[in-house]
Amino acid sequence: MSSQMWKPTNQPTAPGRPTEPERTTTSAVTETAASSAPRPVAASTADQATIGKSLVIKGEVTGSESLYIDGRVEGSINLAGNRVTVGRNGVVAANINAREIVVLGKVRGNLTASDRVDIRSDGSLTGDVVAARISIEDGAFFKGGIDIRKAGQQPGQKANGEEKASPNVTSEAVAARA
């Protein structure tokens, strides 16, 4: 029976033609996936939304894809499992919650990242940071508190599992040094 299935594919009859393009489409998808595999950067930028220079958004931004902000956003940004990048032209007055946050522009608000916060040399952040990792490049502006938390740690716990005496201990210490 399997030899009969292959016969129509090789013959230029009407039943064989629908089967042939399906195989061509499948191989094209395989080739596309194979060609994009060596370039993960192209794959990640395809899943990234962009707020352009001239756009102004006031309100709540939520979703399930990464976001690049080159315009102005006021309100709140909640993209828990994704990356938020504030571009060089970006101006954000919002609390940001994401897996990874990169600041190249200007941010005024608190940042909460399940993985890392990266403030680049031209970036400016005024607000508190809660993250597992943080990177502040030379020349960046930062004013606020830093709370380093391991992944899965509850907000009210210290690293050793005890309850905090005061939730603002870290931000007061950093503000006193600034």
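Not measured: the values here are computed from a predicted model. For the single chain, residues carry numbers from 1 onward in sequence order.
Residues Val92 and Ile69 form a side-chain contact, since some pair of their non-hydrogen atoms from C-beta on lies under 4.5 Å apart. Here the side chains of Phe142 and Thr126 are not in contact, with every heavy-atom distance at 4.5 Å or above. In this structure, Ile146 and Ile134 have side chains that are in contact, with non-hydrogen atoms separated by less than 4.5 Å.
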May I have the list of side-chain donor-acceptor pairs in residues 52-64 shorter than 3.5 Å, sequence neighbours left out?
none

Listing, residues 72-84 side-chain donor-acceptor contacts under 3.5 Å, not counting sequence neighbours, or none:
residue, atom, partner, partner atom, Å
Asn78, OD1, Asn97, ND2, 3.1
Arg83, NH2, Glu100, OE2, 2.8

**Study point:** Full working for side-chain contact (heavy atoms from CB on, under 4.5 Å) between Leu111 and Leu125
**Key:** CA-CA 9 Å; Leu111 307 186; Leu125 171 61; 3.6 Å; yes
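Val130 and Val107 fall into different hydrophobic clusters, where Ile, Leu, Val, Met, Phe, Trp and Tyr are joined by side-chain heavy atoms under 4.5 Å apart, directly or via other members.
The minimum heavy-atom distance linking Ile119 with Ala140 is given by the pair CG2-CB, 3.7 Å. Heavy atoms only, all atoms of each residue included: Tyr68 and Arg88 are closest at OH-N, 4.2 Å.
A donor-acceptor pair under 3.5 Å links the side-chain atoms of Asp128 to the main chain of Gly145, judged by distance alone.
Listed by first and then second residue, the salt bridge (Lys or Arg N to Asp or Glu O under 4.0 Å) pairs that reach into residues 105-115 are Asp115-Arg133, sequence neighbours excluded.
The OG1 atom of Thr85 lies 9.5 Å from the CD1 atom of Ile101; values are rounded to the nearest 0.5 Å.
Results of the side chain to side chain contact (heavy atoms under 4.5 Å, CB included) test with Arg120 over Val103, Asp138, Val102, Ile136 single out Val102 as the only residue that passes.
In this structure Ser135 satisfies the side-chain contact (heavy atoms from CB on, under 4.5 Å) test together with Arg116, Asp118, sequence neighbours excluded. Under the side chain to side chain donor-acceptor pair (under 3.5 Å) criterion, Asn110 pairs with no residue, sequence neighbours left out.
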